[in-house]
Amino acid sequence: SAFNYDQPYRGQYHFSPKEHWMNDPNGLLYHDETYHLFFQYNPGGIQWGNMSWGHATSKDLTHWEEQPIALLARGYGGNVTEMYFSGSAVVDVDNTSGFGKDGKIPLVAMYTSYYPVAQTLPSGKYIQENQQAQSIAYSLDHGISWTTYDAANPVIYQPPTPYQEQYQNFRDPFVFWHEESRKWVVVTSLAALHKLAIYTSENLKDWKLASEFGPYNAQGGVWECPGLFQLPLDKGKSMKWVITSGINPGGPPGTVGSGTQYFVGEFNGATFTPDDDSVYPGNATANWMDWGPDFYASAGYNGLTADDFVQIGWMNNWQYGTNIPTTPWRSAMSIPRHLSLKTIGAKALLIQQPQEAWSSIVKKHPAYSHTYKNIPKGSVDVGITGETIKLDLSFSAASSASKFAIAVRASADFTEQTLVGYDFVNKEIFIDRTKSGDVSFDTTFASVYRGPLAPGNDGMVKLTIFVDRSSVEVFGGHGETTLTAQIFPSSDALHARLVSTGGATKKVDLNVYNVASTWI
Ligand code: FRU
């Protein structure tokens with residue numbers, strides 16, 4: 001690429017826009033051998049505003065090319081009368097919408113129209129100030145240019161009865177084709193009520209309310225950006241359905257701000273019924289998709305099979321997202337994650353694994369590889385690692401240490417470092433970013449995050465850790481526990497060491513691989 005992606009803190013293998021503000025991934029669609037990634041975007045600044053749909057494409061979910069803006073806020077440059085909030089996209093193969101022409105199959109996007117001012121639309125519909133409603137647009141040129149359906153937008157004008165007064169908190173449609181009932185299904189959020197509303201349609205234009213879901217489990221903030229999809233359980237022995245939902249604030253314990261929870265259950269084309277063990281009486285806890293602070297608004301790809309299902313999250317947090325020290329852009333996307341379900345401890349858990357064309361960017365031979373029978377209490381130097389690395393770390397759960405961690409992106413004297421490790425006492429993975437570099441822009445940023453992980457049946461704890469210029473993503477065990485955290489380390493903080501606390505850690509195996517930039 002001609003653009004220089006070499007700025008400090010610029011993720012080298014995570015998508016970020018060249019410049020300006022980005023939030024949620026939108027309209028994730030695999031079509032015609034191309035992965036589309038649309039995203040909430042401010043074309044005019046590095047703060048949230050003028051919300052439009054930016055666009056990037058990829059052939060392998062690894063190398064991304066930014067495309068022209070897909071949906072530009074109406075009135076941009078003057079008085080904005082409509083912003084394009086989060087949503088999704090489908091290929092309307094049978095042209096149910098009638099938007100197809102001359103044999104061209106339409107791509108249809110469904111999004112939230114946010115109207116900052118009261119107005120009467122071309123469709124004749126009267127819109128109140130700050131109303132949010134669901135609209136559609138189509139593309140006949142592979143997602144490059146889009147035409148909004150002005151004759152009838154918004155196609156879902158207001159929240160269902162009796163929640164009409166929630167018209168300022170009704171958003172984020174995730175639409176998909178439900179093969180068994182041969183209908184389109186869309187899940188939207190009644191954000192302030194911690195509820196989801198599910199609708200069905202035959203043509204993507206006329207929508208009928210089918211059911212409501214929630215509130216359940218975490219309800220500390222608004223529910224946003226829901227997802228609904230089917231996944232194989234235990235490698236395809238059966239299929240289950242999953243709902244994901246962003247919550248902000250009120251994320252995982254120990255975080256401040258945004259998080260993503262999930263529910264496992266059944267869906268019959270109209271109603272989602274959660275499994276008994278997926279909802280907690282008294283909302284005691286929640287199933288967190290990621291236990292770190294920086295994984296939000298996660299969305300899934302349409303156009304892939306249930307075996308291949310991939311999601312991408314916004315690797316930021318509303319608590320401090322608009323203040324992170326990057327320029328001339330703000331925010332990056334997570335590594336794409338492959339999703340499935342696995343029975344662990346009698347419960348169906350979401351399993352996530354990194355899904356990128358890794359072989360092309362991860363060096364074949366580890367830059368550092370070592371097996372230790374025993375790491376005594378204290379630390380072992382690993383030397384200098386790169387800024388962009390993948391680490392495979394495993395060790396025995398039967399260790400006398402209370403904690404074991406690897407310090408990455410550390411200064412030579414380890415006054416600056418990010419610790420990624422395991423707490424043997426509480427059986428938790430942790431990321432400690434209290435000394436991770438620049439933590440000054442928000443008082444809550446310098447914190448420790450924890451997610452539960454039982455050792456594997458082989459008695460080992462396994463962590464796969466992705467470090468980029470401004471992020472750490474940890475996949476634990478089979479991928480049943482993940483933690484994602486941004487960090488803003490000094491560019492010369494490249495040291496690493498293993499740290500065993502309170503005793504020795506046994507059977508330690510470490511492989512560190514350099515990861516190449518995907519921007520070149
Ligand atoms: C979530 C969110 C969505 C909304 C979008 C606006 O991050 O608040 O609910 O559609 O951002 O940019």
Side-chain angles (χ1 to χ4, degrees), residues 17 20-28 37-55 69-74 76 80 82-89 109-116 130-137 154 156 159 166-175 186-197 214 218 220-227 244-251 255-261 289-290 293-300 311-322 324 330-334 484:
H20 298 150
W21 169 264
M22 173 177 80
N23 54 287
D24 318 350
N26 294 152
L28 302 184
L37 163 63
F38 301 91
F39 47 87
Q40 288 289 283
Y41 188 59
N42 181 357
I46 199 166
Q47 298 291 347
W48 187 93
N50 302 309
M51 294 325 286
S52 302
W53 276 32
H55 187 196
I69 289 173
L71 288 162
L72 181 66
R74 204 179 295 260
Y76 176 71
V80 170
E82 180 183 3
M83 297 192 201
Y84 301 104
F85 275 15
S86 285
S88 47
M110 191 160 186
Y111 53 88
T112 298
S113 293
Y114 164 66
Y115 306 97
N130 294 334
Q131 185 165 339
Q132 299 177 354
Q134 320 320 320
S135 296
I136 56 176
I156 306 181
Q166 292 294 321
Y167 65 89
Q168 298 177 338
N169 277 297
F170 179 41
R171 57 181 177 269
D172 304 342
F174 179 76
V175 60
V186 72
V187 56
T188 60
S189 96
L190 292 159
L193 301 180
H194 322 297
K195 261 179 176 300
L196 308 180
V222 289
W223 279 23
E224 305 179 314
C225 302
T244 52
S245 181
I247 179 166
N248 177 59
T255 67
V256 180
S258 328
T260 307
Q261 60 175 330
M289 187 169 171
D290 191 288
D294 292 304
F295 187 80
Y296 195 57
S298 186
Q311 288 216 347
I312 294 177
W314 177 50
M315 201 161 54
N316 207 346
N317 185 319
W318 285 115
Q319 167 69 21
Y320 44 72
T322 61
I324 57 172
R330 267 207 187 98
S331 297
M333 293 303 179
S334 75
T484 301

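Counting starts at 1 for both ligands and their atoms, following the listed order. For this chain, numbers begin at 1 and follow the sequence in order.
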Given side-chain contact (heavy atoms from CB on, under 4.5 Å), test Phe295 with Thr260 step by step and report yes or no. CA-CA 7 Å; Phe295 187 80; Thr260 307; 4.2 Å; yes
Trace of the side-chain contact (heavy atoms from CB on, under 4.5 Å) decision for Asn316 with Tyr296: CA-CA 7 Å; Asn316 207 346; Tyr296 195 57; over 6 Å; no
Test log, rule ring-ring contact (aromatic ring centres under 6.0 Å, His included), inputs Trp53 and Tyr84: CA-CA 7 Å; Trp53 276 32; Tyr84 301 104; 8.1 Å; no
Would you give the length of the straight line joining atom CG of Asp294 to atom OG1 of Thr255, rounded to the nearest 0.5 angstrom? 9.5 Å
Using 0.5 Å steps for rounding, measure from the CD atom of Gln40 to the CG atom of Asn42. 10.5 Å
Compile the protein residues with any heavy atom at a distance under 4.0 Å from an atom of ligand 1; present them by chain, then by number. Asn23, Asp24, Gln40, Trp48, Met51, Phe85, Ser86, Arg171, Asp172, Glu224, Cys225, Tyr296, Trp318
Using a 3.5 Å distance criterion without hydrogens, assess whether the side chain of Thr188 forms a donor-acceptor pair with backbone atoms of Ala197. yes
